[in-house]
S.K.: 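Take a look at the following structure, please.
When reading the values below, keep in mind they use all heavy atoms of this one structure, side chains included, and skip hydrogens, waters and symmetry mates. Here the structure is a predicted model, which means the values were calculated and not measured. Counting convention: from 1, in listed order, for ligands and their atoms alike.
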Amino acid sequence: MTALPAAEVDGRVPRLRQQLSDSGCDALVVTSLSNIRYLTGFTGSAAMLLATPDRLLLTTDGRYKTQSAEQLGAAGVEADIEIGNPAAQQAALGRAAKGCARVGLEAAHVSWALQRTLEQEVFAGAELVATSGVVEALRRVKDAGEVARIEEAARLADEALATVLPMLADGRTEAEIALALDHEMRRLGAAESAFETIVASGPNGAKPHARPSGRPVGRGELVVIDFGATVDGYRSDMTRTFSVGEAPSTGVRMYEVVAASQAAGVAAVAPGVAAAEVDRACRDVIAEAGWAESFLHSTGHGVGIDIHEAPAVAPTSTDTLEEFSVVTVEPGVYLPEHGGVRIEDTVVVTTGGCRPLTAFPKHLTI
Ligand code: ZN
Ligand code: ZN
């Protein structure tokens, strides 16, 4: 694996603090593990993080005593760390937030039960504020280290697909091909797959999120392969559609339309462009071909620590693309009697437009 530039984690909490007052609170309790990882470098499976204007407190349990100190230290993040059972962690959070009148919670990442405990027992006396997307807004614009990790994940995935692709012609099942892709990505250095790998052939391809089955891939069928790798916590996402031998004419037509749609979407990506415009660029091409009703999902999504994150590339999206955002462009056409075609690249928004991070060649026939 190529050497990756260092992640710039230590500047993130200071940027979060600048956002606190705009969010109507003077402290934020971060309960999303992805957001905690982004802010501190901590990768454990249980933690809470409290950021006040002058304090940062990570609470976790004894399993992560050594790991939490190591990871925050490596990231250059200065924080107090409280190790203990849930009651001890909550007591520490309450003490650290003393004097904060308005404590923000991440509305999308707090259970009803936890919200009640925090309100009644931990931050009694403070006003709890429901916040939405505060840390996620920071995550929309990637730094060079983040882009490098996504790009490396994409490179591993491309290499894995090149190795596995000949299996399609051997009559292997969807599940065997998916497993081989996952195995190859791991062998090449990926920590894990970016999400559950999709290999969907024939009629299964008409279901955009089909699970790999025991169905062998047949000749002349459309096969949708949607997958990605994870490198140091960052994910890639790519879809290619293939046919073993010549596809029937409708399949070829579907492929041509989706390829043109995807190219139009990628061409529309640039800083300052409304994400909804990118969606429209893709959708117009498919609508012109008469398949508007068969494009069953939105055009794309942000990618990073999570496989689906901001900004959304959808008809109803209110997001505007910014330089160094990383998004997917993935239109598709799904016809139950013919199967599915989807083509997806992960791209990083650059000054003049965008640069694809996924690079596997686009060709229907193998
Ligand atoms: Zn995908
Ligand atoms: Zn995707």
Side-chain angles (χ1 to χ4, degrees), residues 34 136 139-140 142 146-147 149-151 153-161 164-165 174 177-178 181-182 184-185 190 192-201 204-212 222-231 234-242 255 258-259 261-266 268-269 275-276 278-279 281-283 286 295-315 317 319 321 325-334 339-349 354-362:
S34 295
E136 286 84 348
R139 286 169 52 191
R140 289 166 57 129
K142 269 68 178 175
E146 295 184 283
V147 173
R149 281 156 178 77
I150 299 167
E151 188 161 19
R155 194 187 66 75
L156 296 186
D158 282 353
E159 203 178 324
L161 182 56
V164 168
L165 200 55
E174 296 169 352
I177 295 162
L181 267 177
D182 292 347
E184 193 59 20
M185 288 190 286
E192 58 180 346
S193 305
F195 54 92
E196 197 177 344
T197 296
I198 295 170
V199 177
S201 63
N204 291 344
K207 295 170 267 183
H209 267 207
R211 296 189 76 172
L222 298 169
V223 188
V224 177
I225 301 182
D226 186 352
F227 72 113
T230 306
V231 168
Y234 285 83
R235 297 168 200 278
S236 70
D237 192 2
M238 178 174 80
T239 308
R240 292 291 183 265
T241 301
F242 301 104
Y255 191 89
V258 172
S261 163
Q262 204 262 349
V266 171
V269 172
V278 176
D279 184 276
C282 286
R283 217 162 283 279
I286 290 173
F295 179 7
L296 299 173
H297 49 78
S298 56
T299 287
H301 51 87
V303 186
I305 293 175
D306 290 320
I307 189 61
H308 291 143
E309 55 180 58
V313 185
S317 177
D319 293 327
L321 299 178
S325 279
V326 174
V327 295
T328 69
V329 179
E330 51 178 304
V333 169
Y334 308 90
V341 173
R342 176 164 70 257
I343 300 173
E344 170 181 31
D345 283 310
T346 298
V347 306
V348 57
V349 183
C354 73
R355 179 169 70 84
L357 301 178
T358 43
F360 198 86
K362 298 182 182 83

S.K.: Show, in sequence, the C-alpha distance, side-chain angles and deciding distance for D345 and T358, and conclude whether the side-chain hydrogen bond (donor to acceptor under 3.5 Å, both in side chains) test is met.
M.R.: CA-CA 6 Å; D345 283 310; T358 43; 2.8 Å; yes

S.K.: Answer yes or no as to whether an N/O/S atom of H308 is found below 2.8 Å from the Zn ion (ligand 2).
M.R.: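 It does not; every qualifying atom lies at 2.8 Å or beyond.
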
S.K.: Only one of R139, R235, H301, R140 passes side-chain hydrogen bond (donor to acceptor under 3.5 Å, both in side chains) with E309; say which it is.
M.R.: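 Checked R139, R235, H301, R140 against E309; only one passes side-chain hydrogen bond (donor to acceptor under 3.5 Å, both in side chains): R139.
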
S.K.: Take H308 and F195 through the ring pair (Phe, Tyr, Trp, His ring centres under 6.0 Å) test and state the conclusion after the steps.
M.R.: CA-CA 10 Å; H308 291 143; F195 54 92; 7.6 Å; no

S.K.: Which heavy-atom pair separates A194 from A229 by the least distance, and what is that distance?
M.R.: CB-O, 3.6 Å

S.K.: Going by atom types alone, do S34 and D306 pair a side-chain donor with an acceptor below 3.5 Å?
M.R.: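 Yes, side-chain donor-acceptor contact under 3.5 Å.
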
S.K.: Near the Zn ion (ligand 1), meaning under 2.8 Å, how many protein N/O/S atoms are there?
M.R.: 4

S.K.: I'd like to know if the side chain of T241 reaches the main chain of R342, judged simply by a donor and an acceptor atom lying under 3.5 Å from each other, with no hydrogens or angles considered.
M.R.: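 Yes, the answer is positive, given that a donor and an acceptor are paired below the 3.5 Å cut-off.
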
